[in-house]
Amino acid sequence: TYVATFLNDWENWRSEASHRKHLVVKLVLFYFFNSYLSLFYLAFWMQDIPRLRSQLTTMLITQQIVGNVMEAALPWLLTQFRVRSTVYQKSHPTNSSTAKNTAVVSTTVASYDREGQLDQHSGTFDE
């Protein structure tokens, strides 16, 4: 990302919109080549189909596992950490900051309850 940002800043685009557009294009290209260049090398330069199949299988399975962990397990672990931290703070008060933290948590929960009672938003697109 550093190289793409440096090159894009060096080009000195006239407007902010064109600067952002060209930065996105450069970042997509850099990420694409960084991620998939090895597959193109195996397929077209070495022409090693069994090794290409192995590499592709490894990449896809790894991406799927990491995506599932990030989507399901990580939020659950963070929630468990917050709950246990709150329970610990309530059972072991140390100073006046605990009362402030409890007030913040109860205010946040109350705002979530209010938002949960609102009508469902139909969306912005006509379907």
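This chain uses plain numbering: 1 for the first residue, then up along the sequence.
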| said: What's the separation between atom CG in Asn68 and atom CD in Gln64, rounded to the nearest 0.5 Å? | reply: 5.0 Å
| field | Donor-acceptor contact present, side-chain Ser54 to main-chain Pro50, <3.5 Å | value | no
| remark: Taken to the nearest 0.5 Å, the spacing of His19 NE2 from Asn12 CG works out to 8.5 Å
| said: If I compare all heavy atoms of Leu52 with all of Ala43, which pair ends up nearest, and what's the gap? | reply: CD2-CB, 3.6 Å
| remark: Sorted by chain and number, sequence neighbours left out, side chain to side chain donor-acceptor pair (under 3.5 Å) with Asp48 holds for none
| query | Closest approach of Arg14 and Ser18, non-hydrogen atoms and distance? | reply | N-OG, 4.2 Å
| Same apolar cluster (I L V M F W Y, side chains within < 4.5 Å links), Trp45/Leu39 | yes
| message | Working note: Gln55 + Met59, criterion side-chain contact (heavy atoms from CB on, under 4.5 Å); need CA distance, chi angles, decisive distance, verdict. | response | CA-CA 6 Å; Gln55 184 77 16; Met59 286 176 64; 4.3 Å; yes
| task | Rounded to the nearest 0.5 Å, what's the gap from OG1 on Thr5 to NZ on Lys26? Could you check? | result | 10.0 Å
| With ILVMFWY side chains joined below 4.5 Å, transitively, what does Leu78's cluster contain besides itself? | Val66, Met70, Leu74
| Joint cluster assignment, Ile49 & Leu60, ILVMFWY side-chain distance < 4.5 Å | yes
| query | Would you say Glu71 has more than 12 foreign heavy atoms packed within less than 6.0 Å of its CD? | reply | no
| Separation of Glu11 CD from Phe6 CZ (nearest 0.5 Å) | 10.5 Å
| request: Quick one: closest heavy-atom pair of Ala4 and Leu27, and the distance? | output: CB-CD2, 3.7 Å
| message | Tell me the closest heavy-atom pair linking Ser35 and Ser38, and the distance in Å. | response | O-OG, 4.3 Å
| query | Linking I/L/V/M/F/W/Y whenever any side-chain heavy atoms sit under 4.5 Å apart, do Phe44 and Leu56 land together? | reply | yes
| query | Is there a path from Leu37 to Phe30 through hydrophobic residues (I, L, V, M, F, W, Y) whose side chains come within less than 4.5 Å of each other? | reply | no
| remark: Residues at least two apart in sequence or cross-chain that pass ring-ring contact (aromatic ring centres under 6.0 Å, His included) with Tyr36, listed by chain then number, are Phe32
